[in-house]
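Read through the structure below, which is laid out as structure tokens, and then see the notes.
Atoms within each ligand, like the ligands themselves, are counted from 1 in listed order. The figures that follow rest on heavy atoms only: side chains count, while hydrogens, waters and symmetry mates do not.
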Amino acid sequence: MTVFDELMEMNNAYVEEFASQGLSHLPARALSVLTCMDARLHPEAALGIRLGDAHVIRNAGGRASDDAIRSLVVSQRMLGTREILLLHHTDCGMSSFTNVELAAKIETDLGVDVGEYDFLPFTDPAEGLRQDVETLVFSPLVAGGTLIIGAMYDVTTGTVSEVLRRTA
Ligand SMILES: [Zn+2]
């Protein structure tokens, strides 16, 4: 039995209880959340985000990368979101390596030279969060007047704490 087979059993149970037909594709709370892919963080559960409420965009570190901004542009321009929560977390794996270290591992494991590729690791979590908020504030692709909240999730307690808020 694969992990996917286990998931499909769970999905069968989910479908039995499913009662969220007819939701708008426009997020009801006009919110986008940009957060890390860390498996210990379930933003929907931690913040009471229900189906249809918000866009949740995830990547390694919850970084404001070009592709995250791509999704935020679609979210804002096409789907009406107005507030952005940038949610980073304690003990993030993105502060456990450097670009040079990961590039060396890729060379060893895969035989690929990625050159100067930036995987967007950070050494100081608070600084990483501040940088990403600033990137969004100053991005010409984020609508002026957008409220951008930077917050941290504590993986040991489940607590979300606001760190800074800015307006684009
Ligand atoms: Zn992380």
- Query: Which residues and atoms, protein N, O or S only, are under 2.8 Å from the Zn ion (ligand 1)?
  - Reply: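 N, O, S partners closer than 2.8 Å: Cys36 SG, His89 NE2, Cys92 SG.
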- Message: More than 12 heavy atoms of other residues, nucleotides or ligands under 6.0 Å from CZ of Arg40: yes or no?
- Response: yes
- Message: Test of understanding: with ring-ring contact (aromatic ring centres under 6.0 Å, His included), list the residues that count as partners of His89, not counting sequence neighbours.
- Response: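 For His89 there are no ring-ring contact (aromatic ring centres under 6.0 Å, His included) partners, ignoring immediate neighbours.
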- Distance-minimising heavy-atom pair for Thr35 and Leu87: OG1-O, 2.7 Å
- Query: For the side-chain hydrogen bond (donor to acceptor under 3.5 Å, both in side chains) test, which of Glu83, Arg82, Gln76 pairs with Thr146?
  - Reply: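 Answer to the side-chain hydrogen bond (donor to acceptor under 3.5 Å, both in side chains) test with Thr146 among Glu83, Arg82, Gln76: Gln76.
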- Query: Got a sec, which residues hit salt bridge (Lys or Arg N to Asp or Glu O under 4.0 Å) with Arg130, two or more places apart in sequence or on another chain?
  - Reply: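 Partners of Arg130 by the salt bridge (Lys or Arg N to Asp or Glu O under 4.0 Å) criterion, ordered by chain and then number, come out as Glu127.
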- Sequence neighbours left out, what pairs pass side chain to side chain donor-acceptor pair (under 3.5 Å) with at least one residue falling in residues 95-122? Asn99-Asp118, Lys105-Asp109
